[in-house]
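In the text below, chain A, chain B and the rest are named by the order of the sequence lines, each starting its count at 1. Source: prediction; values computed, not measured. No hydrogens, no waters, no symmetry mates; every other heavy atom, side chains included, goes into these values.
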Amino acid sequence: MSIRTRFAPSPTGYLHIGGVRTALFNWLLTKRHAGTFVLRIEDTDTERNKPEALQPILDGFRWLGIQWDEGPEVNGPYAPYFQSQRFDTYKDAALRMLAEGHAYPDYMTKEQLDADRKAAEAAKKPYIHRGPHRDTSPAECVKLYEATPAALRLKVPAGRSVVIDDIIRGRVEVQTDTIGDPVILRADSRPLYNFAVVVDDVAMKITHVVRAAEHLSNTPTQVLIYEALQYPQPTFAHVPVVNEPGSKKKLSKRDMKKFVTVDVKAKLRAIGYTDEQIESRDDLNPATVAFYRELGYLPTAIVNYLARLGWSLDDKAEKIDLADMIANFALERVNSAPASFDPDKLYWLAGEYMKELPLKDKLVGCLPYLQRAGMIGATPSDEEKRKLATIITAAGDRLKLFSDVLTYGASFYRADPTYETKAVEKRLKKAGAADLLRAFAADLAKVDPWDAATVDRCLHDFCASRNIKSAELVHPVRVAATGAEVGIGLFDTLAILGRDETARRIQLALKLVQI
RNA sequence: GGCCCUGUCGUCUAGAGGCCUAGGACACGGCCCUUUCAAGGCCGCGACACGGGUUCGAAUCCCGUCAGGGUCACCA
């Protein structure tokens with residue numbers, strides 16, 4: 001039998017990085033076994049739902065290359081894939097449970113429930129809810145419910161245990177006496193999570209339920225529902241949660257905000273975001289995939305990184321291409337301990353993938369950043385494309401993210417360089433620097449042809465004739481030409497700028513130092 | 001607090017009783033290369049939570065302790 005897995009997000013915000021990791025494991029498992037991956041939208045909580053949150057989730061998955069076989073927009077044999085459109089199915093199942101004595105109506109008010117809960121808490125006793133009609137006969141319960149609909153609760157069987165055989169965790173046993181009777185259907189017939197998942201997983205013929213470990217404690221309840229409905233149970237695998245860097249807490253949107261470091265902030269500002277946007281926007285939060293997309297991370301790197309969080313191929317492999325991941329993925333090799341998200345390692349991996357990206361793809365990836373900055377127009381000319389290609393080539397391995405093109409290339413597009421105070425102090429105001437620059441500027445005319453190799457040779461000849469180390473000239477020239485201390489190779493820089501612009505910028509720098 | 005899960009370098013991980021003087025990767029430190037920054041090369045730092053068993057032999061199996069986490073809704 002072919003395997004079927006699913007990922008079931010609720011549309012409450014941007015795609016969470018931890019959720020993607022779970023979805024990825026589902027997806028890899030199905031690809032490995034040529035199965036079917038279902039995307040189901042769990043939008044039963046009509047109050048919290050944000051319909052506009054759906055598109056970013058779908059976009060996020062598509063960007064990562066995680067395509068679902070059944071679900072929103074693609075549909076499939078078990079449509080609809082939105083729980084909000086399946087209320088009748090849940091109601092039918094719940095009514096059957098009611099008739100067969102596995103569920104009962106509960107007329108207790110929220111106030112009563114809260115009071116009971118508080119009382120139990122005060123008495124330091126665990127609160128395990130058992131409704132008044134728990135032991136009322138099925139026929140009586142049906143009559144009651146038909147007269148006045150109420151919330152329907154599962155009648156958790158007393159005095160036995162529930163065993164879960166989890167691929168990742170092994171055998172987990174829980175006593176039913178520790179589980180309260182959960183509501184499965186509200187009085188208005190909207191289902192609750194624990195109930196809707198079971199009904200849908202069965203309806204959609206899901207064979208492997210692979211989800212985050214935080215759901216492990218829900219599983220016994222769900223198993224009881226499978227039993228009550230006489231449904232076959234799927235195979236369970238609870239993957240460890242993803243922790244926030246440097247802590248042992250689950251990765252959360254609120255806490256991840258602090259990983260917008262000064263460095264990241266600078267990048268986002270360079271892209272064009274205001275401080276206020278950086279602070280408030282969800283898609284600029286490192287807990288969401290959108291954030292990495294905005295910064296120009298390669299999706300392949302993200303997928304690789306996330307797969308390695310809790311799973312490994314062997315004792316060596318870090319960079320694992322998709323084909324190898326698919327060919328080798330196994331739930332049996334997923335760790336049971338939580339893993340911390342490490343932005344440093346992800347950044348490194350992003351660079352590894354960028355290294356092997358063909359130039360034309362780098363061009364396509366970098367272009368939007370320059371366009372958004374107003375440095376290149378909407379329809380770039382061939383010459384603009386050539387120039388950008390030269391910059392990207394010269395940037396080489398420095399380019400790890402597409403947005404890095406702004407770090408290494410922006411100065412070529414500005415009318416004047418933005419002179420950094422620190423760089424000017426250190427390199428231009430140094431004794432003798434101005435004189436050297438003046439002399440070198442006078443020599444510029446001799447460089448022929450004006451290309452990186454020739455500039456290189458001329459600069460070294462110049463230094464040799466004056467008996468100085470090339471570094472003494474290289475540093476001031478770099479700052480004069482770009483305004484910054486770090487950047488791509490100086491000779492490439494000057495070659496791209498051209499003779500006239502180089503000369504102009506040296507004069508500009510000279511003027512700056514004289515003031 | 002109840003229930004459940006988890007403990008190998010700071011982090012991700014390898015480890016299925018002898019291949020372990022515990023391997024790799026990121027990060028960090030040093031050196032080399034070098035015009036800066038990257039990249040690359042070499043070297044270094046650095047872990048089996050603790051205590052009992054079982055066994056000729058334990059990171060690995062069992063028990064306990066401790067620590068961390070998840071979850072306890074008419075949220076998902």
Does a side-chain N or O from A:S217 land closer than 4.0 Å to OP1 or OP2 of B:C72, or not?
no
Rounded to whole angstrom, note down the P distance from B:G7 over to B:C43.
33 Å
Answer for the Watson-Crick or wobble partner of B:U34, both distances under 3.5 Å, is none
Looking at A:D114 and A:R117, is there a salt bridge between them, counting it only when a charged N and a carboxylate O are closer than 4.0 Å?
yes
What's A:E214 touching, base or sugar-phosphate or nothing? Going by heavy atoms closer than 4.0 Å.
sugar-phosphate
Base of B:G1 paired with side chain of A:E121 (donor-acceptor, under 3.5 Å)
no
For A:L306 and B:U13, give me the distance from atom CG to atom P, rounded to whole Å.
11 Å
Who pairs with B:C45 - Watson-Crick or G-U, where each distance is under 3.5 Å
none
Measure CG/A:D344 against P/B:U11 and give the value in whole Å, please.
13 Å
What is the separation between atom CG on A:D106 and atom P on B:A73, rounded to the nearest whole Å?
14 Å
Side chain of A:N218, base of B:A76: donor and acceptor closer than 3.5 Å?
yes
Nearest-Å distance once atom P is located in both B:C4 and B:G64:
12 Å
Taking N and O atoms by type only, does the side chain of A:K345 place a donor or acceptor under 3.5 Å from a partner on the base of B:C12?
yes
Taking atom C1' in both B:C28 and B:G53, compute the distance separating them and give it to the nearest angstrom.
40 Å
Answer yes or no: is there an ion pair linking A:D255 with A:K249, defined by an N-O contact shorter than 4.0 Å?
no
Closest-nucleotide ordering on RNA chain B, the 5'-leading residue of A:K316 and A:Q83
A:K316
B:C4 phosphate, OP1 or OP2: any side-chain N/O from A:R171 under 4.0 angstrom?
no
By nearest atom, which of the nucleotides B:C3, B:C5, B:A76 is closest to the A:S10 side chain?
B:A76
For the side chain of A:R186, counting heavy atoms from C-beta on, which of B:U71, B:U6, B:C74 is nearest?
B:C74
Between P of B:C72 and NE2 of A:H129, the distance in whole Å
16 Å
When we call it a touch if two heavy atoms are under 4.0 Å apart, what does A:K250 touch: a base, just sugar-phosphate, or nothing?
sugar-phosphate
Do A:F341 and A:F259 have ring centres separated by under 6.0 Å?
no
Now, which nucleotide makes the Watson-Crick or G-U wobble pair with B:G51, with each of the two distances under 3.5 Å?
B:C63
Atom CG of A:D181 to atom C1' of B:C74: distance rounded to whole Å?
14 Å
Any A:R333 side-chain nitrogen or oxygen under 4.0 Å from OP1 or OP2 of B:G15
yes
B:C4 pairs with, by Watson-Crick or G-U criteria that keep both distances under 3.5 Å
B:G69
Please say whether more than 12 non-hydrogen atoms of neighbouring residues, nucleotides or ligands are located less than 6.0 Å from NZ in A:K125.
no
Counting any heavy atom closer than 4.0 Å, what does A:V241 reach on the DNA or RNA strands: base, sugar-phosphate only, or nothing?
nothing
If I take atom CG in residue A:N335 and atom C1' in nucleotide B:A59, what distance separates them, rounded to the nearest angstrom?
14 Å
Interatomic distance at C1', B:C50 relative to B:C66, whole Å:
7 Å
Under 4.0 angstrom, heavy atoms only, what part of the nucleic acid is A:T44 near: base, sugar-phosphate, or nothing?
sugar-phosphate
Over how many whole Å does the gap from A:D315 atom CG to B:C19 atom C1' extend?
13 Å
Aromatic centroids of A:Y297 and A:Y353 separated by under 6.0 Å:
no
If you look at every strand shown and take non-hydrogen atoms under 4.0 Å, does A:M354 touch a base, only sugar-phosphate, or nothing?
nothing
Which one is paired to B:A22, where only Watson-Crick or G-U wobble pairs with both distances under 3.5 angstrom count?
none
B:G51 to B:A67 separation - C1' atoms, rounded to the nearest Å
14 Å
What is the distance from NE2 of A:H16 to P of B:C75, rounded to the nearest Å?
22 Å
Report, as yes or no, whether the 6.0 Å neighbourhood of atom NZ on A:K319 holds more than 12 heavy atoms from other residues, nucleotides or ligands.
yes
B:G46 and B:G41: how far apart are their P atoms, nearest whole angstrom?
23 Å
Does A:Q175 CD have over 12 foreign heavy atoms under 6.0 Å away?
yes
Rounded P spacing from B:U13 to B:C75 in Å
34 Å
Using a 4.0 Å cut-off on protein heavy atoms (strictly under), produce a 5'-to-3' string for nucleotides 31-47 of chain B with B for base contact, S for backbone-only sugar-phosphate contact, and - for none.
----BBBSSS-------
More 5' along RNA chain B: A:Y193 or A:K248, using each one's nearest nucleotide?
A:K248
Could you tell me the Watson-Crick or G-U partner of B:G17, where both distances fall under 3.5 Å? Say none if there is no partner.
none
Would you call A:D188 and A:R190 a salt bridge, taking side-chain N to carboxylate O under 4.0 Å as the test?
yes
Students often get this wrong, so: under 4.0 angstrom with heavy atoms, is A:K319 touching a base, only sugar-phosphate, or nothing?
nothing
N or O in side chain of A:S336 less than 4.0 angstrom from B:C5 OP1/OP2
no
With a 4.0 Å cut-off on heavy atoms, is A:R308 in touch with a base, just the backbone sugar-phosphate, or nothing at all?
base
For the pair A:H215 and A:Y193, name the ring-plane relationship: parallel under 30°, tilted 30 to 60°, perpendicular over 60°.
tilted
Donor-acceptor pair, side chain of A:Y292 and main chain of A:P286, under 3.5 angstrom
yes
Hey, does A:H215 reach any base, or is it just sugar-phosphate, or nothing, if we go heavy atoms under 4.0 Å?
base
How far does the P atom of B:U60 sit from the matching atom of B:U6, given to the nearest Å?
16 Å
Is A:A151 touching bases, backbone alone, or none of the nucleic acid, heavy atoms closer than 4.0 Å?
base
Would you give the length of the straight line joining atom OH of A:Y107 to atom NE2 of A:H133, rounded to the nearest 0.5 angstrom?
6.0 Å
